[in-house]
Amino acid sequence: MTYKKARNIADLRVLSKKRLPTPMFHFIDGGADDEVSLRRNISAFDDYILTPDYLTDVANIDTKTSFLGGQSALPLMLSPTGTSRLFHHEKELAVVRAAAKFDIPYALSAMSTSSIEEVGRASNSHKIFQVYIMRDRSLTADWVARSRAAGFKTICLTVDTPMAGNRERDLINGMTIPPRFSPATLLGFALHPHWLANFALHPRFELSNIIHKSDVLGAQGNTSVIDYVNSQFDRSITWEDAAWLAEQWDGPFIIKGLMSAGDARKARDVGATAIMISNHGGRQLDGAPAPIDCVKSIRDAIGDDLELIVDGGVRRGSHMVKALAAGANACAIGRAYLYGLSAGGQAGVEKCLSIFKSELERTMTLLGARTIAEIRPDHLARNGTADGSSDN
Ligand SMILES: Cc1cc2nc3c(=O)[nH]c(=O)nc-3n(C[C@H](O)[C@H](O)[C@H](O)COP(=O)(O)O)c2cc1C
């Protein structure tokens, strides 16, 4: 099967597994510790059911919506993911171009392998730059200035990574960033000649937004990204630092990685316009709740003061509808598009987005919601609690 024939995101995952050397696939696919949060992020969606309204004239479905200060063709954005060059030589440029084609926002990671300027030039669509607050504050301030100059509209601060999570699949598979070709890993790479040729023949791997700080990164990657995170990310940051960042930026400001009503209130108070309810795809604190389970309580606490984006475990259009019915403005995806990227570059990411678009349209049609605004809280119930009392 090629990515063109993929019926769903699970098919793209299978293709990604075939295409990538084992360490790279598991770097995308894996989570922290016992992967409890990773599994729960996806399975929690099964705890909710959707009750349809019928005879509502669903001949025309409109998936357009507004979030982060602009119109989007779908209530969906692409989450920041670092090191894309490991998965496909078209790297982040493939992803931003696919997002532009589908008219949805794309978030570029600070740990990306394409620079802020390259991505800025690649498309005029809604671009978000995701930062960490570094020990060296000048690096964060520099990213903000470069993002503004390169036409990025939104800034996103990830707060769930005071240190790198414990990803044991990476230890088992000898995954390092950048990859090291040792006798132990060589066979795995040799079994994927297509990937190896792409890796060798196209521009080399580099963390493009920090490469100029080679003093902290180590001579062309002698320091691994994990070591880099643990030594350079500032563990002492507080809400005051988030407020400092908000002051630097005069557009939409997202805080990514929050899971509680209390933190959502603090995010509002320091000037955030949106939060991504996220546990980093189960890659950081294992045991953190699933994002879908947090939406309702945060929405109830915060009212309309913040936009809420559900990030983690979204693999189906029906997951998007459940998140919206629970009170989210939009969803975000990470692994789903990386499976597409590794399976087929830009065309693979486009395939991923076309799957979400058609699944969303079908779910809305079957639910009886013609527009995003028509997806209501009473369409959603906890599994086992629906009793037909929904009164449309
Ligand atoms: C390979 C990979 C790299 C990631 N890199 C980053 C990153 O640099 N910054 C960040 O905020 N989140 C990062 N994330 C987390 C994603 O932004 C997102 O929160 C997560 O993938 C959502 O869960 P999902 O994969 O189930 O959709 C990464 C995730 C993956 C899978």
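Whatever order the structure lists them in is the order used to number ligands and atoms, beginning at 1.
- Using a 30° and 60° split on the angle between ring planes, His202 and His89 fall in the parallel class, below 30°.
- For ligand 1, the 4.0 Å heavy-atom shell contains residues Phe27, Ile28, Ser79, Pro80, Thr81, Gly82, Ser109, Gln130, Tyr132, Thr158, Lys256, Ser278, His280, Gly281, Arg283, Asp311, Gly312, Gly313, Arg315, Ile333, Gly334, Arg335, Leu338.
- Thr113 and Glu206 form no side-chain donor-acceptor contact under 3.5 Å, judged by distance and modelled atom types alone.
- Side chain to side chain, Asn173 and Thr22 fail the donor-acceptor criterion of an N or O pair below 3.5 Å.
- The pair Asp29-Arg13 counts as a salt bridge, with a side-chain nitrogen and a carboxylate oxygen less than 4.0 angstrom apart.
- Note on Asp160 versus Arg283: no salt bridge recorded, every NZ/NE/NH1/NH2 to OD/OE distance being 4.0 Å or above.
- Asp46 and Asn383 form no side-chain donor-acceptor contact under 3.5 Å, judged by distance and modelled atom types alone.
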